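Indexing begins at 1, ligand by ligand and atom by atom, following the structure's order. Keep in mind the model is a prediction, meaning the values are calculated, not measured.
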Amino acid sequence: MASVLLQISGLVKHPLSLGWDELEQLPEAARVADVSQIIPGRQGAGVSLDALLERAEPLPPADFATLHADRDDFHVSVPLALLKGQGIVVYRLGEAPLGTDKGGPIRLLIRDPLACQTGELDDCANVKYLSRIELGHGRGRDTRPTNESEHAALHEGAGPASPVGP
Ligand SMILES: Nc1nc2c(c(=O)[nH]1)N[C@H]1C(S)=C(S)[C@@H](COP(=O)(O)O)O[C@H]1N2
Ligand SMILES: [Mo]
């Protein structure tokens, strides 16, 4: 599978274009074999975001990571320092790629998220269909809902209650 699943770009020494094979080749220490053991109710396996960022090597002025889901134009920008130790990049379920029904092919999961809108690293930062991580200086694009009605509308649109998909 040669197609690129996730790119890491911006203020990094080594921009990365990661496909299935590159993700599979990451060492054991980078791997999370079963995300349900860490975050109850979540499924799949992946790698730590820290391991990917270590390989990309953010350059000194970089202090924000912007997580882009180009599929549905959803974006989250969080301080790099807060992400440390928190991000799991889930990309497989059993032997298969993570399905879009679970936010695949790449789903970011935060180990200890705050409730939506209570802080930087909240549930809303669990980005589905993650396609690019852009390192930058200062906050980047962030389209997370900022109030309850926006939040409800977003969930309505994404949820199974919606009669027509995007
Ligand atoms: N690409 C994308 N990721 C997204 C969203 C979205 O609309 N698009 N919604 C976010 C919000 S607001 C929340 S609360 C969580 C919900 O995901 P869950 O139902 O798996 O908990 O996904 C987040 N990730
Ligand atoms: Mo949310």
Side-chain angles (χ1 to χ4, degrees), residues 1 3-10 16-20 22-23 31-53 56 64-94 96-136 139-166:
M1 231 182 281
S3 74
V4 174
L5 298 175
L6 178 64
Q7 288 184 301
I8 303 185
S9 63
L16 303 178
S17 290
L18 303 161
W20 175 272
E22 285 82 20
L23 291 167
R31 311 202 65 82
V32 175
D34 180 0
V35 78
S36 74
Q37 300 289 310
I38 299 170
I39 313 171
R42 299 294 189 181
Q43 286 176 283
V47 294
S48 75
L49 178 59
D50 287 357
L52 300 182
L53 292 176
F64 273 81
T66 304
L67 312 162
H68 299 281
D70 291 310
R71 184 178 201 268
D72 66 347
D73 205 18
F74 184 79
H75 313 266
V76 171
S77 194
V78 285
L80 201 47
L82 290 184
L83 261 186
K84 200 161 177 56
Q86 283 292 322
I88 303 174
V89 173
V90 182
Y91 70 93
R92 60 183 289 168
L93 188 59
L98 189 72
T100 49
D101 57 322
K102 300 223 157 33
I106 303 280
R107 173 93 200 245
L108 182 77
L109 290 175
I110 307 293
R111 283 176 187 255
D112 304 301
L114 298 166
C116 295
Q117 295 157 44
T118 62
E120 294 274 9
L121 263 196
D122 61 3
D123 272 321
C124 310
N126 283 323
V127 178
K128 305 171 197 172
Y129 336 121
L130 178 66
S131 47
R132 274 184 304 132
I133 301 174
E134 192 184 351
L135 282 293
R139 190 182 299 277
R141 191 155 177 221
D142 197 320
T143 62
R144 276 180 288 183
T146 53
N147 59 53
E148 244 342 287
S149 63
E150 270 181 40
H151 197 240
L154 181 67
H155 280 262
E156 182 110 338
S162 171
V164 190

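The shortest N or O to N or O distance between R107 and ligand 1 is below 3.5 Å. Residue Y129 has no nitrogen or oxygen atom sitting less than 3.5 Å from a nitrogen or oxygen atom of ligand 1, judged on distance alone. Any N or O atom pair closer than 3.5 Å counts here, and R42 shares at least one such pair with ligand 1.
Using a 4.0 Å cut-off between heavy atoms, C116 contacts ligand 1 through its side chain alone, with no backbone atom that close. At a heavy-atom cutoff of 4.0 Å, ligand 1 is contacted by the side chain of L154 but not by its backbone. For H155, every heavy-atom contact with ligand 1 shorter than 4.0 Å involves the side chain, none the backbone. Only the side chain of A69 comes within 4.0 Å of ligand 1, judged by heavy-atom distances.
Each of the atoms 3 (N), 24 (N) of ligand 1 lies under 4.0 Å from some heavy atom of V127. Ligand 1 places these atoms under 4.0 Å from at least one heavy atom of D123: 13 (C), 15 (C).
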Practice prompt. Could you go through the side-chain contact (heavy atoms from CB on, under 4.5 Å) check for L93 and R107 one step at a time?
Written response: CA-CA 11 Å; L93 188 59; R107 173 93 200 245; over 6 Å; no
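Between the side chain of T100 and the main chain of Y129, no donor-acceptor pair closer than 3.5 Å is present.
Taking F64 as the reference, nothing meets the ring-ring contact (aromatic ring centres under 6.0 Å, His included) condition, with sequence neighbours excluded.
Using a 4.5 Å heavy-atom cutoff, the side chains of L16 and I133 are not in contact.
A pairwise comparison of heavy atoms in P145 and F74 identifies CD-CE1, 4.4 Å as the closest pair. Closest approach of L98 and Q43 over heavy atoms only: CD1-O, 4.4 Å.
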Side chains of residues 108-119: which donor-acceptor pairs under 3.5 Å do they make with residues two or more places apart or in other chains?
unit_1: R111; atom_1: NE; unit_2: G85; atom_2: O; d: 3.3
unit_1: D112; atom_1: OD2; unit_2: Q86; atom_2: NE2; d: 3.4
unit_1: T118; atom_1: OG1; unit_2: A115; atom_2: N; d: 3.3
unit_1: T118; atom_1: OG1; unit_2: A115; atom_2: O; d: 2.7

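Under the 4.0 angstrom criterion for non-hydrogen atoms, H151 is in contact with ligand 1.
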